[in-house]
Amino acid sequence: QVQLIESGGGLVQAGGSLRLSCAAAGLTLSSYAMSWFRQAPGKEREFVAAINWSGTSTRYVDSVKGRFTISRDNVKNTIYLQMNMLKPEDTAVYYCAAGKYLVLKPTPRDFDYWGQGTQVTVSS
């Protein structure tokens, strides 16, 4: 059974930092492109960041460029999202996802496996 398990969410003040982790069970992440999406209440799921299988290529939504960094450790079968200079508009449930390819403009349809999500709340 494939499981992606996110952790590291929480409550932080604006300007603060959090690091999210996504560990995999039943899935070898080194064979997959990985991504982070987020969904705020009443909004559609939004792409945040993605990384190819080797970690040599990344994608970011414009609103997080320069603040968020996606990375992976294929030995630990884990990906990360370092989030700095957090803003209240970053508040959402964050999901990690695994897909076969890193495409130019990732959408949820490009990913086959999803975690259950972790809540990130940024207070002003």
Side-chain angles (χ1 to χ4, degrees):
Q1 182 180 358
V2 174
Q3 283 188 304
L4 297 176
I5 304 168
E6 301 97 336
S7 61
L11 174 64
V12 64
Q13 289 187 333
S17 298
L18 284 174
R19 188 174 85 151
L20 305 183
S21 299
C22 173
L27 190 72
T28 302
L29 291 189
S30 59
S31 299
Y32 290 86
M34 297 298 297
S35 183
W36 290 95
F37 285 77
R38 65 187 179 188
Q39 189 165 18
K43 295 188 177 181
E44 293 187 353
R45 192 164 295 191
E46 174 192 34
F47 165 72
V48 177
I51 189 167
N52 70 338
W53 70 272
S54 64
T56 56
S57 182
T58 57
R59 305 276 190 271
Y60 295 94
V61 67
D62 286 346
S63 61
V64 308
K65 286 180 180 177
R67 302 188 298 122
F68 291 11
T69 303
I70 188 171
S71 61
R72 65 190 304 156
D73 185 333
N74 287 340
V75 173
K76 294 183 177 179
N77 218 30
T78 301
I79 67 162
Y80 306 96
L81 185 68
Q82 178 66 44
M83 305 187 295
N84 299 329
M85 295 182 287
L86 282 160
K87 304 176 180 180
E89 50 263 45
D90 295 318
T91 295
V93 177
Y94 282 70
Y95 299 89
C96 70
K100 290 303 292 182
Y101 306 105
L102 178 62
V103 299
L104 186 60
K105 294 183 178 181
T107 70
R109 295 177 300 175
D110 299 313
F111 296 88
D112 303 310
Y113 302 103
W114 291 83
Q116 81 291 346
T118 185
Q119 177 70 47
V120 171
T121 303
V122 184
S123 63
S124 57

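This chain uses plain numbering: 1 for the first residue, then up along the sequence. Quick note: numbers below take in every heavy atom, side chains included, and nothing from hydrogens, waters or symmetry partners.
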Could you tell me whether a side-chain N or O of [X] sits under 3.5 Å from a main-chain N or O of [Y], the two making a donor and an acceptor?
X: Glu6; Y: Leu20; value: no
X: Thr56; Y: Ser54; value: no
X: Arg72; Y: Trp53; value: yes
X: Asn52; Y: Gly55; value: yes
X: Asp73; Y: Thr78; value: no
X: Thr58; Y: Ala50; value: no

Just verifying a value: how many Å separate [X] [atom1] and [Y] [atom2], rounded to the nearest 0.5 Å?
X: Cys96; Y: Gln116; atom1: SG; atom2: CD; answer: 7.5 Å
X: Gln119; Y: Thr91; atom1: CD; atom2: OG1; answer: 7.5 Å
X: Thr118; Y: Leu81; atom1: OG1; atom2: CG; answer: 11.0 Å
X: Arg45; Y: Arg38; atom1: CZ; atom2: CZ; answer: 13.0 Å
X: Phe68; Y: Ser17; atom1: CZ; atom2: OG; answer: 9.5 Å
X: Arg19; Y: Met83; atom1: CZ; atom2: CE; answer: 11.5 Å

Hydrophobic cluster membership, with links at side-chain heavy-atom distances under 4.5 Å among I/L/V/M/F/W/Y: are [X] and [Y] in one?
X: Met34; Y: Val103; answer: no
X: Val12; Y: Tyr80; answer: no
X: Ile70; Y: Leu27; answer: yes
X: Val2; Y: Tyr95; answer: yes
X: Val48; Y: Leu102; answer: no

What are the two closest heavy atoms between [X] and [Y], and how far apart are they?
X: Ala24; Y: Leu4; result: CB-CD2, 3.7 Å
X: Met85; Y: Gly66; result: CE-O, 3.5 Å
X: Ala40; Y: Ala92; result: N-CB, 3.8 Å
X: Ser35; Y: Ala49; result: OG-O, 2.8 Å
X: Arg67; Y: Leu86; result: NH1-CA, 3.8 Å

> If you measure from the Lys or Arg side-chain nitrogens to the Asp or Glu carboxylate oxygens, is any gap between Lys87 and Asp90 under 4.0 Å?
Replying inline: no
>> I need the full list of salt bridge (Lys or Arg N to Asp or Glu O under 4.0 Å) pairs touching residues 110-124, with sequence neighbours left out, sorted by first then second residue.
In response: none
>> Applying ring-ring contact (aromatic ring centres under 6.0 Å, His included), can you list everything that pairs with Phe37, at least two apart in sequence or on another chain?
In response: Phe47, Phe111, Trp114
